[in-house]
Amino acid sequence: MNKECVAMLLAGGQGTRLKSLTKQIAKPAVYFGGKYRIIDFPLSNCTNSGIDTVGVLTQYEPLILNDYIGIGSSWDLDRKYGGVSVLPPYMQSEGGGWYTGTANAIYRNIKFLNQYNPEHVLVLSGDHIYKMDYGKMLDYHKETGADATISVIQVPWEEASRFGLMNTDGEGVITEFDEKPPNPRSNLASMGVYIFRWDVLKQYLIEDNQNGESSNDFGKDIIPALLNDYRKLMAYKFEGYWKDVGTVDSLWEANMDLLKEEPELNLNDYSWRIYSKNPNQPAQYIAQSAKVSNSLINEGCRIYGTVDTSILFYGVRTEEGSLVKDSVIMPNVKIGKNATIHRAIISEGTVIEDGAVIGDPSPESEITLIAREGTVMAKSYMHETIK
Amino acid sequence: MNKECVAMLLAGGQGTRLKSLTKQIAKPAVYFGGKYRIIDFPLSNCTNSGIDTVGVLTQYEPLILNDYIGIGSSWDLDRKYGGVSVLPPYMQSEGGGWYTGTANAIYRNIKFLNQYNPEHVLVLSGDHIYKMDYGKMLDYHKETGADATISVIQVPWEEASRFGLMNTDGEGVITEFDEKPPNPRSNLASMGVYIFRWDVLKQYLIEDNQNGESSNDFGKDIIPALLNDYRKLMAYKFEGYWKDVGTVDSLWEANMDLLKEEPELNLNDYSWRIYSKNPNQPAQYIAQSAKVSNSLINEGCRIYGTVDTSILFYGVRTEEGSLVKDSVIMPNVKIGKNATIHRAIISEGTVIEDGAVIGDPSPESEITLIAREGTVMAKSYMHETIK
Amino acid sequence: MDRIAGIINLDHEQDVLDELTYFRCSAAVPFAGRYRMIDFAISNMANSRIDSVAVFARRKYRSLMDHLEQGKYWDLDRKRGGLFILPPDWNDPTDISKGDLQHFHNNIDFITRTLADYVVVTGTQNICNINYENVLREHKESGADVTVVYKKVEELYPEFRRSHKLDIDENQRVTAIHNDQHNNNVYMDMYIIEKNYLYGLIEDCIAHGCSHFFLDGIKGRLPDINIHAYEYSGGHALINSVESYYRHSFNLLDESEHDRLFKEESPILTKVKNEAPSKYLESSEVKNSLVANGCVIGGDVEDSILFRGVKVEKGAVIRNSVIMQRCEIDSNAVLENVILDKDCRISNGRTLVGAPEKPFVLAKRNTM
Amino acid sequence: MDRIAGIINLDHEQDVLDELTYFRCSAAVPFAGRYRMIDFAISNMANSRIDSVAVFARRKYRSLMDHLEQGKYWDLDRKRGGLFILPPDWNDPTDISKGDLQHFHNNIDFITRTLADYVVVTGTQNICNINYENVLREHKESGADVTVVYKKVEELYPEFRRSHKLDIDENQRVTAIHNDQHNNNVYMDMYIIEKNYLYGLIEDCIAHGCSHFFLDGIKGRLPDINIHAYEYSGGHALINSVESYYRHSFNLLDESEHDRLFKEESPILTKVKNEAPSKYLESSEVKNSLVANGCVIGGDVEDSILFRGVKVEKGAVIRNSVIMQRCEIDSNAVLENVILDKDCRISNGRTLVGAPEKPFVLAKRNTM
C-alpha cells in the first residue's frame with residue numbers, strides 16, 4: 001500500500017546557539033512550554049494532519065532520540081505500517097559517513113522513502129514551535145499541481161533579512177528565493193516546511209548529489225535548482241503562531257509567549273493536541289505558603305515558594321521563601337529556601353541551594369542559562385551569570 | 001526501571017553458505033517452516049521466556065530487518081520501555097565502521113545496554129531453529145552464580161568437530177572450550193546462546209577492544225579470556241530440537257523434519273507459540289484436482305496439483321497436473337501446469353512455467369536451489385540445476 | 001483530504017443464526033475459515049482510510065470484545081480516533097431516546113468530536129469488499145443529503161426477503177424504499193451522510209420519539225430528503241439465516257466468487273492467531289475445500305470449510321460441512337451437511353448427517 | 001522466575017459512592033486529581049511484573065472500558081497475557097455457578113491458560129502501593145495455602161466496619177476471619193494463591209453451590225486450610241463511602257501521606273490525556289491544593305483537589321472541595337465542602353455549601 005505523503009523531519013541541527021542546552025541532546029529534544037520538547041510540535045502536527053509516516057533524520061548517535069521517541073506511541077505514531085523511524089547516518093555497503101547537508105540527509109534515505117512509494121514528501125525542520133495542518137498545505141499543493149510548495153509566513157520587515165525570503169506573483173507562484181538577503185524585497189519568510197512531488201525531488205536529489213560543488217542544502221541548492229529549471233513552486237501562506245527557538249533568548253521568549261492571557265499558541269485546544277511523552281507524575285501541589293501567579297505549572301511539582309510569570313516542568317520543587325520570576329524551570333529542579341531566580345532558564349535536574357541568587361531582574365538584562373545537569377548552585381555563585 | 005536481562009541477537013552473519021537465498025536478505029530473515037523466518041524463533045523464544053528487551057545487531061543496511069520487525073508487535077515486543085531495536089553500525093562522533101566481530105558488535109552497543117542497566121545479558125545468534133526457555137537458563141545462571149553460562153547440546157560424536165565444544169566437570173563447570181577441534185574430546189556443543197553478568201561482560205568487551213590482536217569474537221576471544229582468568233563459566237544442558245540452518249542442505253533438512261508424524265519441533269504448541277509477521281492471507285484452497293499428502297501448507301495457497309512431502313509458504317499456487325515433491329516452496333511462487341519439482345527450494349516470487357522440470361528425484365542428489373526472485377523457469381531450463 | 005468516520009450499528013441485527021448465535025451476536029459469527037462477519041465491515045473501513053470506528057453493541061458482545069480488542073489488527077488502536085466498542089450505557093433517567101437512537105444519543109460525543117466531516121453507517125450482515133472513498137466521491141458529486149449503497153442482485157434468494165429494496169430514478173436518486181419482493185435493488189444496510197446533517201437528524205428523531213434511525217429518520221422523510229443510490233457491483237453475500245450462511249460459505253469454494261471478496265489491494269483483516277501452517281498427513285484426502293492454518297488432517301475432507309486448528313483424524317470423513325475453530329473429529333467419524341461451532345468434538349465412529357438445504361448445527365463446545 | 005497472574009474482582013464492590021457511582025462502578029471513580037480507583041490495583045500489578053490481568057466486571061463498566069482500553073497505559077496491551085475486561089457472559093443454560101463464582105467459572109480459561117503459577121486476587125477499594133512479588137516471597141516461605149494481605153490500622157474509622165478483620169497467631173497464621181469492630185487487623189480484600197489450588201477450590205465451590213468465593217471457599221474452610229497473613233505497612237485508604245472518599249482525598253494534601261501512595265520506584269499509572277500544564281492567572285490565589293494538568297485558574301482555591309481541565313474564573317472561590325474533570329466554575333461562584341463530578345458547570349454567582357462531614361455531591365454533567 002502506498003503512502004500519499006511521507007514526512008521527513010530534519011532533526012540533525014546541533015543548535016550551537018542554544019549553548020549548553022544542546023550539549024548532550026539534539027536541538028529537537030530541547031524542552032519547551034512546561035511539558036514538551038521541540039520535536040513534539042512537528043510530530044503532533046503530523047499526527048493531527050493525518051500523516052502517519054515520519055522519518056526523523058538525526059546526525060547524532062540515535063540513542064537519545066530513539067529513547068524519547070520509542071515506538072512513537074506518544075504521538076499515535078506506533079503504526080504497523082509507517083509510523084515514526086529514527087534515521088541516523090548508518091554504514092552502507094558502499095560506505096557510510098555523516099549527512100553533509102539537509103538535502104544529502106534525504107538523499108541518503110531514498111530507499112527508506114521508496115519503501116512507501118509516496119506521491120509527496122513533506123520536509124520539516126525540528127527548530128520551530130507552531131501548530132499547522134500539513135493536510136491543508138498538501139491539499140493546496142495538489143490543487144495547484146506544484147512540483148514543490150513552500151510554507152511561508154509574513155515576518156516584520158526589520159527582521160526579514162534573517163530568513164529565506166520568497167518573491168511571489170499574484171497567484172502565489174514563487175518567482176525568486178533569497179536566502180537571508182541583506183536588502184529584503186519581500187517579507188514572506190520560508191518556515192522550513194516544504195512539500196515536494198517525490199518523483200521530482202528524487203531526481204533533484206540525485207543530481208544534487210552528483211554535483212561536487214553543491215552544499216547539499218535545501219535552501220541553498222535544491223530550491224534554487226528547481227527555480228532555475230522553471231519548475232512550479234508555490235508559496236503556501238500560513239497564518240498563526242510560528243517561532244524559531246534557535247537561541248536562548250528566543251527560546252525564553254517563546255516560553256513567555258505562553259503566559260499571555262490569550263496566548264497565540266493555545267495548548268488547551270482539544271482538537272489539536274500537542275502530544276508528548278508522559279512522565280507519570282502525580283498532580284501538582286500548591287502549598288499554603290505558596291503564591292503562584294501568571295505561570296504554567298506541570299504535574300509532579302510541589303510549590304512552597306513564590307512563582308510569578310514562569311514556566312515549571314514536571315517534578316520541580318520550590319521551598320518556602322523562594323522566588324521564581326520570569327523564568328523557565330526544567331524538569332526535576334530543586335529550588336532551596338529563600339533562593340531567588342530572575343529571568344533564567346534552569347536546566348533539568350539542577351539543585352539550587354538555599355539562599356542562592358540567580359539572574360538579573362532588570363528587563364534589559366540577558367537571560368541567564370544554568371545548563372549543567374546536576375549543578376548545585378550554592379550561595380557563592382549568587383551574582384554570577386553562568387552561560 | 002532496570003531490566004533484569006536484555007537480549008542481544010547477532011543477526012549480522014552474511015550466511016554465504018546459504019548462497020543466493022541471502023543475497024538480498026540477511027540470514028536471520030531467511031524463510032523457514034512454511035510461515036516463519038529464522039529470526040522468529042529467537043524472538044518468539046524471548047517473548048515466551050519473559051525477556052522483553054532485545055537488540056538485533058545487523059551488519060547490513062537496517063531497512064529490511066527494520067521493515068520486517070517493525071515496532072515488534074508480531075512478537076509482542078512493542079513495549080513502551082524496552083521492546084525490540086534494530087542496531088546497525090552507525091556513525092558516531094568518534095567515527096563509525098563495520099562491526100568487526102560478534103564481540104565488537106556488542107561492545108559498540110554498550111550505551112544501548114547501559115540504558116537498561118541490566119544485571120545479565122543474553123547473547124543469541126540468528127542462525128538456529130529451536131524452542132528454548134531462556135528464563136530457565138537464566139534461573140540456572142543465577143542459581144549457580146556464574147559469570148557466564150553457555151547453553152550446550154549433545155551432538156553426535158562424528159559431527160562434533162564442526163562445533164565449539166565444552167569440557168565440563170561433574171558440576172557443569174566449564175573447564176575447557178575448543179572451537180571446532182579436529183579431535184573432539186567432548187560432544188557438548190555450544191548452541192551460540194550465552195548469558196553473561198553484564199558487569200563482567202562489559203569489562204571483558206572493553207579489554208577485548210583494547211587488544212589489537214583480538215578478532216573480537218565471542219567464541220575465539222571472550223570465552224577463552226574468561227576461562228583464562230578462571231571466571232566461573234557454567235554449561236547449561238539443553239534437550240530438544242536444535243538445528244543450525246546455515247547451509248542449503250541443513251535448511252532443507254530442517255524443513256523436512258517438520259513433516260514427521262510427530263515432529264520434534266512442535267509448531268502447534270499453544271503454550272510456546274512461534275510468532276511471525278502476519279501476511280493477511282485468506283484460507284488455503286485445495287481443489288478437486290489436488291492431491292496433498294505429508295505436507296505443510298500455509299494460508300493464501302491455492303492447490304490444483306499434487307503436493308507430497310513438501311512445505312508451501314503463503315500465496316503459492318500450483319496448477320493442475322503439477323507435482324511438488326520433497327521441496328520447500330517460498331511465498332508467492334506460481335507453479336504452472338504439469339511442472340514437476342523434486343528436492344528443491346524455490347525462492348519467493350518465482351514463476352515456474354507450465355511443464356518445467358526442476359530438481360533431481362534421486363535421494364542422494366543435491367538439493368536444487370532456485371533463488372532468483374521473479375525468475376521465470378521455462379521448459380528450456382528444465383534439466384539445469386541452478387545454485 | 002476528506003475524512004470519514006464509521007459507525008457499525010448492530011442494533012437491528014437479530015441473532016438469527018440459531019446455534020451459532022446462542023453465545024454471540026451475529027457480527028461475531030465465524031465465516032470463511034478464519035474471519036468473523038464483522039471483519040468485513042471493519043476492514044472495508046480501514047481500507048477506506050477511516051480511522052475512527054464506533055461499534056454500537058447491545059447483546060452478546062463479549063466475544064466481539066475478545067475479537068476486536070482495541071482494533072489493533074486493523075491498525076485502529078489509536079490515540080486519536082480508533083475503534084470503540086460501545087455497549088449500552090443507559091443510566092441516565094432523563095434520557096428519552098429509544099431503539100437505536102439510544103446508541104446515537106448516548107454516543108453523540110463520538111459524532112461531535114470526530115474530525116471527520118462524513119459518517120458511514122453500516123451493519124455487518126452484508127458481506128462485501130467496498131471502498132467508501134468511492135462512495136463519498138459519488139455522494140459529493142450527487143449533492144444528495146444521504147447516499148445509500150445497494151446491490152442489484154441477479155436472483156432474489158430467500159435472505160433478501162427481509163432487506164429493503166430501492167426504487168431509483170434515472171439520476172440514481174431514490175424515489176422509494178420498500179419491501180417489494182420483485183425489486184432486485186437490494187439496500188445493503190449502509191449509507192454515508194454528512195456529520196452535521198446526521199447530528200441534526202438524530203436530534204430531530206429523538207424529539208419526535210423515533211426508535212429506528214434509518215426507518216424514521218431517513219426512509220420516513222422521503223421524498224423531502226434527497227437520497228442518492230450508490231451501486232455496489234463487487235462480491236456480496238447477505239447472511240441473515242443459517243441457510244444463507246451455509247450457502248455463501250460454499251460459494252467461496254468457487255475461485256471467482258472468492259476473489260471478489262478477498263483482494264490483495266483491499267485485504268480483509270482479522271485477529272492474528274499465530275497458528276502454524278496446516279498439516280496434511282499421508283492418509284489425508286482433501287478435495288475442493290478451504291482450510292485455515294493450524295489444522296492437522298489425516299482423514300477425508302470434501303467440499304468443506306475447516307477453520308483454524310481443526311484436527312481430523314485418519315479415517316474420518318467430512319463432506320459439505322463447515323467445521324469451526326479447534327474442533328476435533330476422531331477417526332471414523334462421518335460428518336455430512338453439518339456446521340460445527342467452535343471446540344466441538346466428534347468421537348470415534350459417530351455419524352452426523354444433515355440435509356443439504358438444512359444443515360445440522362451443533363453449538364460450541366459440544367462433545368458427541 | 002515465578003510468574004503471577006492478577007484478577008481484579010469487582011463483583012462484591014457495591015456502588016455506594018452515591019452520585020459518583022450513578023453512572024460508573026466504584027472502580028472507575030476518579031481519585032487524587034488524575035486517577036481512577038482501579039489505577040492503583042492495576043499499577044500495583046504492573047509494578048509487580050504481573051503481565052496478565054483479568055477484571056471481573058458486572059455493572060456499569062463502560063467507563064471502565066473507556067479508561068482501561070486494552071491496558072496500554074500499563075504496558076498491558078499484550079498478545080500473550082495482557083489486560084482483559086470480562087463482563088458477564090452468562091448465556092449457558094447449563095451453568096450452575098452463582099455469585100462471583102459465575103465469573104471464576106466463565107473465565108476459567110484465564111486461570112488455566114496463564115503461564116503463571118500464582119494468582120493475586122484483589123478488589124479496588126483498598127487504595128495502596130504494594131509489591132506482590134514481596135507477598136509471594138512471604139507466601140512461599142510460609143508454606144501456606146493462601147496468603148491474605150492486611151493492614152494494622154491505628155484508628156477504626158467507620159469505613160472499616162464492613163471490612164473483615166483477622167485474628168493472627170504468633171506465626172502470622174490466620175486463626176479467624178470475622179467482623180469484630182475492635183480488631184484493627186483489617187483484611188485488605190486481596191490474597192495470593194497457587195493457580196492449581198485456586199482451580200481446585202473453584203471447582204469445589206461450584207459443586208457445593210457457593211456464591212461467594214472468598215467467604216465460602218477460603219474463610220469458610222478455616223481452620224482446615226492454612227492461611228498466612230501478610231502485613232502491608234505502606235500508605236492505605238479504604239474508600240467505600242462518600243465520607244471516606246472525601247476524607248482520604250484531603251489526606252493527600254499532607255506530603256508524607258501523599259508520598260506513601262505515590263512513589264517514584266512504583267508509580268501509579270493512568271490513562272494519558274495530553275493536557276497542557278495548568279495555568280495560574282495573575283488573579284489566582286491557590287493554597288494547599290492538588291491540581292492536575294489542563295486547569296486554568298483565575299479564582300481562589302484552598303484545601304481542594306482539582307482534576308484535569310478544570311476552569312476556575314476570576315472571583316470564584318473553592319474551599320474544601322473536590323472538583324472533577326473539565327468542570328467550569330464561573331466568576332463569583334462559591335463552593336465549599338462540595339464534590340463536583342465531571343463536566344459540571346457552576347454559573348456566575350452561585351453558592352453551594354455542604355457540611356464538612358457530609359459534602360454536597362453533584363452528579364456529572366450538571367449545570368447549576
Side-chain angles (χ1 to χ4, degrees), chain A residues 33-36 40 44 47 73-76 78 255 258-263 265-270 272-304 307-317 332, chain D residues 31-35 39 43 46-47 72-75 77 249 252-255 258-259 261-264 266-298 301-309 311 314 326:
Chain A
K35 175 164 186 176
Y36 310 97
D40 289 332
S44 299
T47 202
S73 50
S74 298
W75 306 271
D76 219 10
D78 50 335
N255 274 288
L258 296 171
L259 297 178
K260 292 175 186 156
E261 187 125 5
E262 295 288 342
L265 186 82
N266 178 7
L267 295 172
N268 288 314
D269 177 1
Y270 291 164
W272 202 272
R273 295 264 196 184
I274 303 303
Y275 298 100
S276 181
K277 195 168 171 181
N278 169 43
N280 282 310
Q281 299 277 327
Q284 54 202 272
Y285 175 70
I286 312 296
Q288 194 65 40
S289 57
K291 169 87 190 91
V292 180
S293 64
N294 196 29
S295 294
L296 277 175
I297 299 191
N298 199 352
E299 289 167 341
C301 288
R302 293 194 79 90
I303 309 301
Y304 291 86
V307 177
D308 182 18
T309 317
S310 292
I311 291 188
L312 275 59
F313 285 72
Y314 63 83
V316 171
R317 185 185 178 98
N332 296 319
Chain D
F31 183 66
R34 55 194 297 277
Y35 305 92
D39 290 344
S43 300
N47 292 332
K72 68 191 292 188
Y73 303 105
W74 298 265
D75 221 7
D77 49 336
S249 291
L252 296 174
L253 298 177
D254 179 83
E255 185 166 2
H258 183 273
D259 289 355
L261 279 180
F262 298 97
K263 295 163 180 288
E264 215 171 310
S266 51
I268 305 304
L269 309 175
T270 188
K271 183 170 179 166
V272 173
K273 295 276 194 174
N274 289 292
E275 298 280 1
S278 277
K279 189 159 188 179
Y280 296 77
L281 303 181
E282 192 68 52
S283 56
S284 72
E285 181 93 26
V286 181
K287 302 281 179 198
N288 193 37
S289 293
L290 275 175
V291 180
N293 271 358
C295 293
V296 179
I297 307 174
V301 178
E302 199 169 345
D303 305 326
S304 292
I305 291 168
L306 304 191
F307 282 69
R308 297 196 261 209
K311 307 270 175 287
K314 188 173 167 175
R326 288 194 300 277

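Reminder, nothing fancy here: chain letters follow the sequence lines and each chain counts from 1. These numbers come from the heavy atoms of this one structure, side chains and all, not from hydrogens, waters or symmetry mates.
Nearest heavy atoms, A:Ile297 versus D:Asn293: O-OD1, 3.7 Å. In terms of heavy atoms, D:Lys279 sits closest to A:Leu258 at NZ-O, 3.0 Å. Closest of all the heavy-atom pairs between A:Tyr36 and D:Pro277 is OH-CD, 4.0 Å. For the pair A:Ala283 and D:Val291, the tightest heavy-atom approach, listed with the atom from each and the gap, is CB-O, 3.5 Å. When all heavy atoms are compared, the tightest approach of D:Ser284 to A:Val292 is OG-O, 3.3 Å.
Ranked by heavy-atom pairs shorter than 4.5 Å toward chain D, the options A:Ser293, A:Ser73, A:Ala290 are led by A:Ser293. Contact count versus chain D (heavy atoms, under 4.5 Å) is highest, among A:Glu261, A:Lys291, A:Arg302, for A:Arg302.
Heavy atoms closer than 4.5 Å to chain D are found nowhere in A:Lys277, neither backbone nor side chain. Of the two parts of D:Val301, neither the backbone nor the side chain holds a non-hydrogen atom closer than 4.5 Å to a non-hydrogen atom of chain A. Using a 4.5 Å cut-off between heavy atoms, A:Phe313 makes no contact with chain D at all. Looking at A:Tyr304, only its side chain comes within 4.5 Å of chain D, counting heavy atoms on both sides. In this structure, chain A has heavy atoms under 4.5 Å from both the backbone and the side chain of D:Leu253. For D:Tyr35, the part sitting under 4.5 Å from any heavy atom of chain A is the side chain, from C-beta outward, and nothing else. Contact annotation for A:Gln281: only backbone heavy atoms (N, CA, C, O) come within less than 4.5 Å of a heavy atom of chain D. In this structure, the portion of A:Ile274 lying under 4.5 Å from any heavy atom of chain D is its backbone and not its side chain.
In this structure, the separation between CG on A:Asn280 and CH2 on D:Trp74 is 10.0 Å, given to the nearest 0.5 Å. One distance of note links CD of A:Glu299 with CG of D:Leu290; it measures 10.5 Å at 0.5 Å rounding. Rounding to the nearest 0.5 angstrom, the gap separating the CD1 atom in D:Ile297 from the OG atom in A:Ser295 is 11.5 Å. Distance check: A:Leu259 CG to D:Glu282 CD gives 10.0 Å after rounding to the nearest 0.5 Å. A distance of 3.5 Å separates CD1 of A:Ile286 from OH of D:Tyr280, quoted to the nearest 0.5 Å.
No side-chain heavy atom of D:Glu275 sits under 4.5 Å from any side-chain heavy atom of A:Leu267. Contact annotation: the side chain of A:Pro282 approaches that of D:His258 to within less than 4.5 Å [non-hydrogen atoms, C-beta and beyond].
For the pair D:Lys287 (side chain) and A:Ser289 (backbone), a donor-acceptor distance under 3.5 Å is absent. For A:Lys35 (side chain) and D:Asn274 (main-chain N/O), no donor-acceptor pair under 3.5 Å exists by modelled atom type.
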- Task: Begin from the C-alpha positions of A:Arg317 and D:Glu255 and carry the test salt bridge (charged side-chain N to carboxylate O under 4.0 Å, His left out) through to its verdict.
- Result: CA-CA 12 Å; A:Arg317 185 185 178 98; D:Glu255 185 166 2; 2.5 Å; yes

